[in-house]
Amino acid sequence: MMREFEIERQFDVKIHSIKPNKGVYCLKTNKGVKCLKKINYGIQKLYFVYGAKEHLIKNGFTSIDRYCLNTEGEPYALVNEDIYTLSEWIDGRECDFHSKEEVAKAAQNLAKMHLGTEGYEPPENSKLKSDLGRWHYLMEKRIKGLDKMRNIGRKKKSKKGEFDLAYIKNVEFYKKLGLRAINILKDSQYDKLCEIAEQKKSFCHHDYTFHNIVIDNSEQFNVIDFDYCKRELRAYDISNFMIKVLKRVEWDIEYANLIIKEYNSISPLKEEEYRVIFAFLLFPQRFWRLSNRYYYNEINWIQNTFAKKIEKLENEKDNYIRFIENFKKEYNQKESI
């Protein structure tokens with residue numbers, strides 16, 4: 001555990017109690033309940049995140065976990081070369097993605113947040129985080145990565161595990177999805193939309209999911225954990241949010257329609273944005289990420305966990321393909337495959 005007195009000294013607080021909670025610490029202090037978090041990136045990136053949050057607050061989107069400043073006016077504490085942030089603890093419940101009412105409000109909230117991001121000039125001492133214009137490259141790189149991982153699995157001298165066998169069985173299916181996504185993105189106005197986003201100086205949350213949407217006691221929707229925020233098309237946040245919801249409701253097209261309808265009620269999407277959303281919905285990001293974690297030892301899960309997760313992906317394939325076909329019809333997304 002970090003030296004508590006250093007946190008107290010640098011943030012000028014008195015800690016009454018400290019309790020671990022899902023990768024962070026809940027602190028009861030003389031200045032209220034706070035969230036203490038050790039971050040795994042540098043101070044320059046933190047300045048980008050800090051500036052992004054302050055920009056949202058300045059633009060009227062205040063329902064976020066604002067950083068507390070240390071005695072020097074900085075949004076962090078340095079303890080034994082580790083970087084910690086202290087932010088307001090937002091008490092409440094996580095958004096229920098099975099509830100259409102809560103999904104609808106979360107979609108409206110995302111639109112309001114996106115409007116609040118426009119015009120963001122990162123601090124001079126920050127490191128710009130951006131994926132604008134990079135998705136042609138990222139998709140192609142990740143599809144090539146699927147072949148590399150298949151070779152790793154095939155070359156295993158020891159007995160192949162459940163995950164390896166499931167991966168080899170399913171990789172062609174997901175590779176084809178990826179190639180479809182690449183073609184759709186090429187056939188879209190992606191580059192033009194990136195130019196517009198660059199001019200608007202907007203950014204995305206990049207991890208808008210149930211545990212980062214906290215509904216407080218007054219039923220206000222709050223957004224927390226902006227660690228992954230970066231310059232990005234809003235289409236990414238929308239499609240990512242849709243996937244997080246849809247995988248929990250058997251890929252029911254009604255939830256996708258609801259998200260788009262409620263988002264549009266606040267900030268209407270342009271016709272050309274639907275094509276980019278479709279490309280992101282097609283791209284097998286979840287399969288790629290899970291496999292990457294397995295083959296490159298990115299995360300210390302037990303073997304059984306990986307096997308269960310890939311089995312879950314496999315079991316939803318039929319519902320997913322049905323959804324993709326429904327989405328194509330609903331939003332007039334033609335493709336030549």
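Hydrogens, waters and symmetry mates play no part in the numbers below; they use all other heavy atoms, side chains included.
Glu219 and Arg93 are joined by a salt bridge, as a carboxylate oxygen and a charged side-chain nitrogen come within less than 4.0 angstrom of each other. Ion pairing of Glu314 with Lys309 is absent here, as no side-chain N (NZ or NE/NH1/NH2) approaches a carboxylate O to less than 4.0 Å. Lys105 has no carboxylate O lying under 4.0 Å from a charged side-chain N of Glu262, or vice versa, which leaves the two without a salt bridge. A salt bridge links Lys175 with Asp147; the closest basic N to acidic carboxylate O contact falls under 4.0 Å. Salt bridge absent: Lys45 and Asp227 never bring a charged side-chain N and a carboxylate O closer than 4.0 Å. Ion pairing of Glu335 with Lys328 is present here, as a side-chain N (NZ or NE/NH1/NH2) and a carboxylate O approach within less than 4.0 Å.
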- Message: Using side-chain contact (heavy atoms from CB on, under 4.5 Å), reason through Trp251 and Ile321 one step at a time and then give a plain yes or no.
- Response: CA-CA 9 Å; Trp251 293 91; Ile321 290 300; over 6 Å; no
- In sequence, state the C-alpha distance, the side-chain angles, and the governing distance for Arg322 and Asn319, and then conclude on side chain to side chain donor-acceptor pair (under 3.5 Å). CA-CA 5 Å; Arg322 192 178 301 115; Asn319 286 336; 2.7 Å; yes
- Under the side chain to side chain donor-acceptor pair (under 3.5 Å) criterion, do Ser126 and Gln44 qualify, and how do the steps go? CA-CA 4 Å; Ser126 71; Gln44 285 183 309; over 6 Å; no
- Stepwise salt bridge (Lys or Arg N to Asp or Glu O under 4.0 Å) check, Lys129 with Glu232: CA-CA 9 Å; Lys129 296 166 69 178; Glu232 177 65 280; over 6 Å; no
- Query: Arg9 and Glu4: salt bridge (Lys or Arg N to Asp or Glu O under 4.0 Å), yes or no, with the steps?
  - Reply: CA-CA 9 Å; Arg9 183 182 70 79; Glu4 289 175 35; over 6 Å; no
- Check the pair Thr85, Ile39 against side-chain contact (heavy atoms from CB on, under 4.5 Å), reporting the backbone distance first and the verdict last. CA-CA 7 Å; Thr85 60; Ile39 63 168; 4.1 Å; yes
- Item | CA sep, side-chain torsions, deciding dist, call: Leu177, Ile324, side-chain contact (heavy atoms from CB on, under 4.5 Å) | CA-CA 10 Å; Leu177 286 177; Ile324 286 295; 5.7 Å; no
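Here Ile310 contributes atom CD1 and Asp164 contributes atom CG; the two are 9.0 Å apart, rounded to the nearest 0.5 Å. Going from atom CD of Glu6 over to atom CD of Glu8 covers 10.0 Å, rounded to the nearest 0.5 Å. Rounding to the nearest 0.5 Å places CG of Asp237 at 9.0 Å from OG1 of Thr117.
For Tyr331, the OH atom counts as densely surrounded, since its 6.0 Å shell holds more than 12 non-hydrogen atoms of other residues, nucleotides or ligands. Within 6.0 Å of NZ in Lys58 there are 12 or fewer heavy atoms belonging to other residues, nucleotides or ligands. The number of heavy-atom neighbours closer than 6.0 Å to NZ of Lys200, taken from other residues, nucleotides and ligands shown, is 12 or below. Crowding of Gln220 atom CD: a count of heavy atoms from other residues, nucleotides or ligands under 6.0 Å exceeding 12. The environment of Lys176 atom NZ is sparse: at most 12 non-hydrogen atoms of other residues, nucleotides or ligands sit within 6.0 angstrom. More than 12 heavy-atom neighbours from other residues, nucleotides or ligands sit within 6.0 angstrom of NZ on Lys156. In this structure, Lys261 places its NZ atom where only 12 or fewer heavy-atom neighbours from other residues, nucleotides or ligands lie under 6.0 Å away.
In summary, the aromatic rings of His206 and Phe226 are positioned with their centroids too far apart to meet the 6.0 Å limit. Checked against the 6.0 Å centroid threshold, Phe173 and Phe287 do not count as a close aromatic pair. Ring pair Phe48/Tyr120: centre-to-centre distance below 6.0 Å. Taking the ring centroids of Phe241 and Phe97, they lie under the 6.0 Å cut-off.
Checked by atom type and distance alone, the side chain of Ser130 pairs as donor or acceptor with a backbone atom of Leu132 at under 3.5 Å. With hydrogens and angles ignored, the 3.5 Å screen pairs no side-chain donor or acceptor of Asp131 with any backbone N or O of Arg134. A distance-only check finds no donor-acceptor pair linking the side chain of Glu254 to the backbone of Asp252 [under 3.5 Å]. A donor-acceptor contact shorter than 3.5 Å is absent between the side chain of His211 and the backbone of Lys22. When atom types are taken as modelled, the side chain of Lys19 and the backbone of Leu27 share no donor-acceptor pair closer than 3.5 angstrom. Asp216 places a side-chain N or O within donor-acceptor distance of the main-chain N or O of Ser218, the cut-off being under 3.5 Å.
Judged as a ring-ring contact (aromatic ring centres under 6.0 Å, His included), and not counting sequence neighbours, Tyr76 has no contacts.
Nearest approach of Asp96 to Val103, heavy atoms of both residues: O-CG2, 4.2 Å. Val171 and Ile168 make their closest contact through CG1-O, 3.7 Å (heavy atoms, listed as atom of the first residue, atom of the second, distance). Taking all atoms of both residues into account, the shortest heavy-atom contact from Ser239 to Leu281 is O-CD2, 4.0 Å. In terms of heavy atoms, Cys229 sits closest to Phe203 at CB-CD1, 4.3 Å. The minimum heavy-atom distance linking Asp207 with Asn240 is given by the pair CA-ND2, 4.3 Å. Among all heavy-atom pairs drawn from Asp91 and Val214, the shortest one is C-CG1, 4.3 Å.
Between His136 and Tyr190, the angle of the ring planes goes over 60°, which puts this pair in the perpendicular group of the 30/60° scheme. Ring-plane geometry between Trp301 and Phe306 is classed as tilted, the angle between the planes lying from 30 to 60 degrees on a 0 to 90 degree scale.
The list of side chain to side chain donor-acceptor pair (under 3.5 Å) pairs with a residue in residues 137-146, not counting sequence neighbours, reads Arg142-Gln285. For residues 273-296, the salt bridge (charged side-chain N to carboxylate O under 4.0 Å, His left out) pairs, not counting sequence neighbours, are Asp187-Arg275, Arg234-Glu273, Arg286-Glu316.
With 3.5 Å as the limit, one finds no donor-acceptor pair spanning the side chains of Asp225 and Tyr208. With 3.5 Å as the limit, one finds no donor-acceptor pair spanning the side chains of Glu118 and Ser202. A donor-acceptor contact closer than 3.5 angstrom is absent between the side chains of Glu195 and Gln199. Between the side chains of His16 and Asn30, not a single donor N or O lies within less than 3.5 Å of an accepting N or O. Between the side chains of Lys334 and Asn332, at least one donor N or O lies within less than 3.5 Å of an accepting N or O. Tyr47 and Glu74 are linked by a side-chain donor-acceptor pair at a separation below 3.5 angstrom, with hydrogens and angles left out of the test.
Ile266 and Leu56 fall into different hydrophobic clusters, defined by Ile, Leu, Val, Met, Phe, Trp and Tyr side-chain heavy atoms under 4.5 Å apart, directly or through other members.
When each of Trp288, Tyr167, Phe163 is tested with Tyr294 by the rule ring pair (Phe, Tyr, Trp, His ring centres under 6.0 Å), just one qualifies, namely Phe163. Exactly one residue among Tyr236, Phe327, Tyr274 makes a ring pair (Phe, Tyr, Trp, His ring centres under 6.0 Å) with Phe280. That residue is Tyr236.
Between Val79 and Gln10, some side-chain heavy-atom pair lies under the 4.5 Å cut-off.
In this structure, Lys53 is positioned above the aromatic face of Tyr67, its NZ or CZ under 6.0 Å from the six-membered ring centre and within 45° of the axis.
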